[in-house]
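First the proteins, then the strands, lettered A, B, ... as listed; each starts at 1. Computed from heavy atoms alone, side chains included, the values below leave out hydrogens, waters and symmetry copies.
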Protein chains: 2
Amino acid sequence: MNKDNLIQLFQNVLPMSTGKAEQLAEKFKAGKTVRNEYLLKEGAVCNASHFIEEGIMRSYTYDIEGNEVTTSFYSKKMQGSDLVSFFKRIPSKESIQALTDCETWYITYGDMQANFHAIPEFREFGRLNIINHYSILKQRMLSMLQETAEQRYGALINSNPEILQNVPLKYIASYLGITDTSLSRIRKEFIKK
Amino acid sequence: MNKDNLIQLFQNVLPMSTGKAEQLAEKFKAGKTVRNEYLLKEGAVCNASHFIEEGIMRSYTYDIEGNEVTTSFYSKKMQGSDLVSFFKRIPSKESIQALTDCETWYITYGDMQANFHAIPEFREFGRLNIINHYSILKQRMLSMLQETAEQRYGALINSNPEILQNVPLKYIASYLGITDTSLSRIRKEFIKK
DNA sequence: CTCATTTCTTGCCATTTGCCAAGTGTAAGC
DNA sequence: GCTTACACTTGGCAAATGGCAAGAAATGAG
């Protein structure tokens with residue numbers, strides 16, 4: 001497992017020389033998570049931020065009635081961690097679970113903090129990385145405001161087709177904000193087109 | 001107009017001495033925006049980040065059919081700016097408009113960047129501030145996934161009752177992701193209880 | 001004050017989605 | 001093979017919401 005994807009990811013977030021990107025990448029360690037294992041459990045403080053090299057994860061929490069709500073899916077090149085818990089050092093409100101065997105590159109909070117102080121590019125990367133997450137979330141918020149469930153489903157499987165192959169329908173449904181019954185019907189209509 | 005609110009806001013985000021908070025507050029300038037004026041127009045790069053001392057603003061964009069979609073409301077002690085445009089230096093996808101006469105404390109991108117480099121607390125505050133915005137957006141996302149429009153409406157007017165007084169119903173409706181017709185009905189039901 | 005515009009409400013009906021329950025398919029363990 | 005979960009689909013009906021249009025109420029300009 002080499003760090004090419006990680007290095008490229010850094011350069012995508014913040015333009016920098018390959019040498020500098022390699023320097024940042026050195027701070028990350030390889031991790032493995034087997035299917036169904038937890039990267040983070042609700043109530044724990046998220047102490048490592050993982051970039052996914054291979055595999056699919058999901059984060060989820062519970063609604064008032066105790067039903068699982070899938071809050072996000074993570075696949076190749078995405079970052080699987082609870083940013084709020086990680087940066088604010090507070091217990092996470094959600095769990096992160098591997099849906100397939102996964103390989104990741106991760107950094108602990110302590111290491112990250114040390115590098116933030118020592119390496120200006122590191123903190124600049126960190127800030128833009130958070131902003132990117134914020135931007136993605138905002139885009140998803142907009143799609144909740146203006147798109148139908150069917151449109152959101154279409155967008156999801158277009159951008160992340162591998163999710164469709166590996167993820168039970170009920171997880172996708174709660175991510176989209178609908179019931180699995182409705183998604184089943186939507187999917188039926190979808191295939192016709 | 002004194003900076004007490006601003007100083008308190010800093011200390012809420014990141015525990016620090018009042019002296020240090022005053023030092024950060026010195027970097028902010030007073031601004032005024034009259035009703036209906038724009039703090040930021042879609043397509044422009046957001047060059048100043050405003051903390052609201054008094055008044056109400058809203059941000060909005062357009063959906064595919066060209067209808068306005070209100071993306072957020074901002075009132076006292078909140079931050080009115082497009083964080084993505086501000087930090088990434090890219091054109092904003094949304095406009096920010098004053099719904100009442102407003103007074104703000106603002107800092108320009110250049111000043112902020114300079115202070116980030118010079119004052120560790122400033123960048124630490126900046127990072128946590130972004131994380132807080134991310135956290136709020138995530139919470140709103142969750143409410144879209146699990147709550148009915150009526151519940152979201154109730155939560156909004158409980159947390160920001162002044163919005164109800166100053167904001168046309170159609171803005172609130174598009175913020176909640178429903179039509180103004182539906183909101184009118186929901187409100188009718190709501191008053192009964 | 002008057003007129004024009006905007007905002008808000010209401011009725012009617014269609015569409016989407018939820019809820020519950022039954023039934024089918026599929027994979028894992030014994 | 002049999003059994004037991006679990007995943008998914010389907011039907012029937014209820015609830016939530018949207019689309020359209022008419023009218024009432026509030027607001028703003030002159």
>> Protein within reach of the bases, or only the backbone? For nucleotides 25-30 of chain D, mark each nucleotide 5' to 3' as B, S or -, using heavy atoms under 4.0 Å.
In response: ---S--
> For nucleotides 17-26 of chain C, read 5' to 3', which letter fits each nucleotide if B means a protein heavy atom sits under 4.0 Å from the base, S means only the sugar-phosphate is that close, and - means neither?
Replying inline: SSBB------
> Counting only side-chain N and O atoms of B/Arg187, is one of them less than 4.0 Å from OP1 or OP2 of C/dC8?
Replying inline: no
Would you call [X]-[Y] a salt bridge at under 4.0 Å N-O?
| X | Y | value |
| --- | --- | --- |
| A/Glu68 | A/Arg58 | yes |
| B/Arg152 | B/Glu147 | no |
| A/Glu54 | A/Lys76 | yes |

> In residues 94-101 of chain A, which residues come under 4.0 Å of DNA chain C by heavy atom?
Replying inline: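 When residues 94-101 of chain A is checked for heavy atoms under 4.0 Å from DNA chain C, there are no hits whatsoever.
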Starting at [atom1] of [X] and ending at [atom2] of [N], how long is that distance when rounded to a whole Å?
| X | N | atom1 | atom2 | answer |
| --- | --- | --- | --- | --- |
| B/Lys170 | D/dG18 | NZ | P | 16 Å |
| B/Glu189 | D/dA15 | CD | P | 13 Å |
| A/Asn36 | C/dA27 | CG | C1' | 14 Å |
| B/Tyr171 | C/dT6 | OH | P | 11 Å |
| A/Gln146 | D/dG18 | CD | P | 13 Å |
| B/Glu147 | D/dA16 | CD | P | 15 Å |
| A/Leu169 | D/dC8 | CG | P | 5 Å |
| B/Lys188 | D/dT17 | NZ | P | 15 Å |

> According to the interplanar angle, ranging from 0 to 90°, do the rings of B/Tyr175 and B/Phe73 count as parallel (below 30°), tilted (30 to 60°) or perpendicular (above 60°)?
Replying inline: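 Geometry flag for B/Phe73 against B/Tyr175: tilted rings.
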>> Under the rule for side chain to side chain contact (heavy atoms under 4.5 Å, CB included), what residues qualify as partners of B/Ala173, not counting sequence neighbours?
In response: B/Ile178, B/Asp180, B/Leu183
>> Applying side-chain hydrogen bond (donor to acceptor under 3.5 Å, both in side chains), can you list everything that pairs with A/Lys32, at least two apart in sequence or on another chain?
In response: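 Listed in chain order: A/Glu103.
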>> Tell me which pairs pass ring pair (Phe, Tyr, Trp, His ring centres under 6.0 Å) where either residue lies in residues 24-43 of chain B, with sequence neighbours left out.
In response: B/Phe10-B/Phe28, B/Phe28-B/Phe51
> What is the distance from atom NE2 of A/His117 to atom CE of A/Met112, rounded to the nearest 0.5 Å?
Replying inline: 8.5 Å
> With A/Ser59, which of A/Thr70, A/Thr71, A/Asp82 fulfils side-chain hydrogen bond (donor to acceptor under 3.5 Å, both in side chains)?
Replying inline: A/Thr71
> Pick from B/Tyr74, B/Phe86, B/Tyr106: which one makes a ring pair (Phe, Tyr, Trp, His ring centres under 6.0 Å) with B/His50?
Replying inline: B/Tyr106
> Where is the tightest heavy-atom contact between A/Leu137 and B/Lys138, given as atom of each residue plus distance?
Replying inline: CD2-N, 3.6 Å
